[in-house]
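A quick write-up on the structure given underneath.
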Amino acid sequence: MAKDTWIGDIRAGQHDGAEVELKGWVHRSRGSNKIRFVVLRDSTGTLQCVVKRDAVGDEQFEAMKEALIESSVIVHGTVQATDREHGHEVQVSSLTIVGPVNPDRPFPITESAMEQADGGETEFLLDNRHLYLRTGRMTTMLKIRSTVFGAIHSYFRDLDFTEYQAPNFVAGAVEGGSTLFEVPYFGRKAYLTQSWQLYAEAAMPALERLYTIAPSFRAEKSRTRRHLTEFWHAEMEMAWSSNDDIMGHGEGVVRHIARSLLDENEAELSSIGRDLDLVANYADNPYPRMRYDEAVETLQGMGVEIEWGQDLDYSKEKVLTADFDVPHFLTHYPRVAKPFYHRPDPDDPKYVLCHDLLAPEGYGEIIGGGERTWSESEILERIDEEGNDREAYEFYVDIRRYGGVPHGGFGMGIDRVCTWLTGSDHIREVIPFPRDSRRVTP
RNA sequence: GCCGACAUAGCUUAGUUGGUGGAGCGGUGGACUGUUAAUCCACAGGUCGCAGGUUCGAGUCCUGCUGUCGGCGCCA
């Protein structure tokens, strides 16, 4: 039963002249009542199969004629190298329709629907997501996405980081003010996690260097092309490290992702129209670091209305990054603009030792991180300062009572990185079943 | 939470100052032995999102509702 012949291999010339058994789905079918050209699709590509009535007999020929788009079929035939469009085709000797498609409900996704969506993902394509995944564009995105996940794992594992899992049911918030998804929990309230960070800090004295790839949940009613309510979060935490050390790894992992895409998915990137030189730029060049104050001065110099102490919102990030040709780090935000766990700068406690990584081309923030407040007295002071409940963070504070050390980490929005590196118009383009404030189905 | 758009066949859409809703794709039937979004002929397919209102007459104008999309804020 197992499949052993793949369209990608045939197109690479590995089966020229050979008899093959090919399993796949009908992508297109056309022809006359004596000869049909069936473009077959599998996970590795498409290939034209030539079905002649004389070769397969009336019964199989009629069956093929009736097989609609996305019918699953097994064909036997001979691989032939040709000068025609696909380079290779299969001369079919026999075929079986495995799973037919009902003509009352034909495959509903048309070229015009996809062109019109232009990556914008119409309601129809979102409703029929299980079928949209089969289209070339979505299949390509899923392959690129897989490379990105693999690259994150290989970056951290090659540097002896340990992969570590935090709970997804939690009792309290990480981000001050962010909205949590509340779930019933045996008569109590629990929440879906927004970040593994607090639990990562708990394991930091044990593992010293740790990372995770996990979903995070935020109940924000955001209506933008860069937000999901469930997104994939790559996070790392490291003992004995400074803000600069952490940024080094943020830059390292992003450049490694860009390099991996060039090494493994050049054809896929080209097929969705991505400029490879841009991606190479992101892989090969260092990412500059700029202090918050500098950014504010730059913006003020450009005539943007901004006061010191304000967080930089997306519209300001966009103005700031307009001329950037690689991602830039923004560091040393005002203490008042950031949550309690950021460590105040010992040289000037008006600031915290933190960083955001801003992607170019207007894609916005892809990483947020920095040093953590690590002494008991300082963390209590910061919790009180923000009016948080000490009790809710008891275990978090307790970590610091047993050999606290300087440490830090970051969180990276993997879906945002995928959106940016593929040059996509919308974060929904790079995840199979996107979740936002208005959609949990299919 | 705030602001702004949109809703016509399975899909993508046209529809002029209000006057009998068209097309392409897809489907069905037929023709065709080398097609590349194949081509050609024919047929089927519509509560114009829902509910009211104005009018002799509403897909078109007005009100409300629902849904969807985009932007802001917040963030990754």
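The shown structure was predicted, so the numbers you read here are calculated from the model rather than taken from an experiment. Just so we're on the same page: letters track the sequence lines, and every chain starts at 1.
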Report the distance from atom CD of A:Glu123 to atom C1' of B:rA7, rounded to the nearest whole Å. 9 Å
Using a 4.0 Å heavy-atom cut-off across all strands, classify A:Ile367 as base, sugar-phosphate, or nothing. sugar-phosphate
Just to verify, what does A:Glu66 make a salt bridge (Lys or Arg N to Asp or Glu O under 4.0 Å) with, not counting sequence neighbours? none
What about A:Gln91: does its side chain form a donor-acceptor pair under 3.5 Å with the base of B:rG34? yes
Could you measure between the two C1' atoms, the one in B:rU12 and the one in B:rC48, and give it in whole Å? 16 Å
Measure CD/A:Glu70 against P/B:rG26 and give the value in whole Å, please. 15 Å
pair A:Glu429-A:Arg137: side-chain heavy atoms closer than 4.5 Å: yes
Mind checking the P distance from B:rU54 to B:rU17? Whole angstroms is fine. 25 Å
Kindly write out the residues that satisfy ring pair (Phe, Tyr, Trp, His ring centres under 6.0 Å) with A:Tyr351, not counting sequence neighbours, or none if the list is empty. A:Trp308
Going by the rule ring pair (Phe, Tyr, Trp, His ring centres under 6.0 Å), which residues pair with A:Tyr333 if we only count those two or more places apart in sequence or in a different chain? A:Tyr292
Measure from CG on A:Leu68 to P on B:rC11 and round the result to the nearest Å. 17 Å
All ring pair (Phe, Tyr, Trp, His ring centres under 6.0 Å) counterparts of A:His153, not counting sequence neighbours: A:Tyr211
Euclidean distance for C1', B:rC32 against B:rU47 (whole angstrom): 41 Å
Report the distance from atom CZ of A:Phe410 to atom C1' of B:rC75, rounded to the nearest whole Å. 17 Å
Could you tell me how far B:rG22 sits from B:rC65 if I compare only their P atoms? Round to whole Å. 34 Å
Taking the six-membered ring for Trp, are A:His249 and A:Tyr155 parallel (under 30°), tilted (30 to 60°) or perpendicular (over 60°)? perpendicular
Spacing of the C1' atoms in B:rA37 and B:rG26 (rounded, Å): 12 Å
In terms of the angle between their ring planes, are A:Phe324 and A:His328 parallel, tilted or perpendicular, with boundaries placed at 30° and 60°? parallel
Measure CD/A:Glu220 against P/B:rC75 and give the value in whole Å, please. 8 Å
RNA chain B contacts made by residues 23-54 of chain A, counting heavy atoms under 4.0 Å: A:Arg30, A:Gly31, A:Ser32, A:Asn33, A:Lys34, A:Ile35, A:Phe37, A:Gln48, A:Val50, A:Lys52, A:Asp54
Output the single nucleotide from B:rC72, B:rG70, B:rG34 whose closest atom is nearest the side chain of A:Thr224. B:rC72
Which is true for A:Glu89 with a 4.0 Å heavy-atom rule: it touches a base, it touches only sugar-phosphate, or it touches nothing? base
If you take atom types as modelled and just measure distance, does the side chain of A:Arg416 reach the base of B:rC75 with a donor-acceptor pair under 3.5 Å? yes
Say we look at B:rG49 and B:rG15: how far apart would their P atoms be, to the nearest angstrom? 15 Å
B:rG21 versus B:rG64 - spacing of their C1' atoms, nearest Å: 26 Å
Would you mind listing every salt bridge (charged side-chain N to carboxylate O under 4.0 Å, His left out) that reaches into residues 35-49 of chain A, with sequence neighbours excluded? A:Lys3-A:Asp42, A:Arg41-A:Glu70
Under 4.0 angstrom between A:Arg226 side-chain N/O and B:rG70 OP1 or OP2: no
Give the stems involving RNA chain B, where a stem is 3 or more consecutive Watson-Crick or G-U wobble pairs (i with j, i+1 with j-1, and so on) under 3.5 Å. B:1-7 with B:66-72, B:10-13 with B:22-25, B:27-31 with B:39-43, B:49-53 with B:61-65
OP1 or OP2 of B:rG10 less than 4.0 angstrom from a side-chain nitrogen or oxygen of A:Arg105, does that happen here? no
Please tell me which of A:Pro103 and A:Trp232 maps to the more 5' nucleotide of RNA chain B, matching each residue to the nucleotide holding its nearest heavy atom. A:Pro103
What's the verdict on side chain to side chain donor-acceptor pair (under 3.5 Å) for A:Ser222 and A:Thr224, showing C-alpha distance, side-chain angles and the deciding distance? CA-CA 6 Å; A:Ser222 305; A:Thr224 80; 5.8 Å; no
Taken to the nearest whole Å, CG/A:Asp104 to P/B:rA9 is 19 Å
Can you tell which of B:rA76, B:rU36, B:rG1 lies closest to the side chain of A:Ile427? B:rA76
Taking only residues two or more places apart in sequence, or in another chain, which ones meet A:Thr147 in a side-chain hydrogen bond (donor to acceptor under 3.5 Å, both in side chains)? A:Asn265
Report the residues that fulfil salt bridge (Lys or Arg N to Asp or Glu O under 4.0 Å) with A:Arg274, sequence neighbours left out, ordered by chain and then residue number. A:Glu361
Does NZ in A:Lys318 sit with more than 12 non-hydrogen atoms of other residues, nucleotides or ligands closer than 6.0 Å? no
Kindly state which residues belonging to residues 313-323 of chain A come within less than 4.0 angstrom of RNA chain B, counting heavy atoms of the residue only, listed by number. A:Asp313, A:Tyr314, A:Ser315
Separation of B:rC74 atom C1' from A:Arg223 atom CZ, nearest Å, is 15 Å
Tell me which nucleotide among B:rU68, B:rG27, B:rG70 gets nearest to the side chain of A:His426. B:rG70
Take atom P in B:rC40 and the same atom in B:rC25, then report the distance between them in whole Å. 8 Å
Would you mind reading off the distance between A:Leu358 atom CG and B:rC75 atom P, rounded to a whole angstrom? 13 Å
According to the salt bridge (charged side-chain N to carboxylate O under 4.0 Å, His left out) rule, which pairs have a member within residues 321-345 of chain A, sequence neighbours left out? A:Arg335-A:Glu381, A:Arg335-A:Glu385, A:Lys338-A:Asp356, A:Arg343-A:Glu371
Given that A:Phe231 and A:Thr82 both sit by RNA chain B, which one's nearest nucleotide is further toward the 5' end? A:Thr82
Can you name the ring pair (Phe, Tyr, Trp, His ring centres under 6.0 Å) partners of A:Phe329, sequence neighbours left out? A:His355
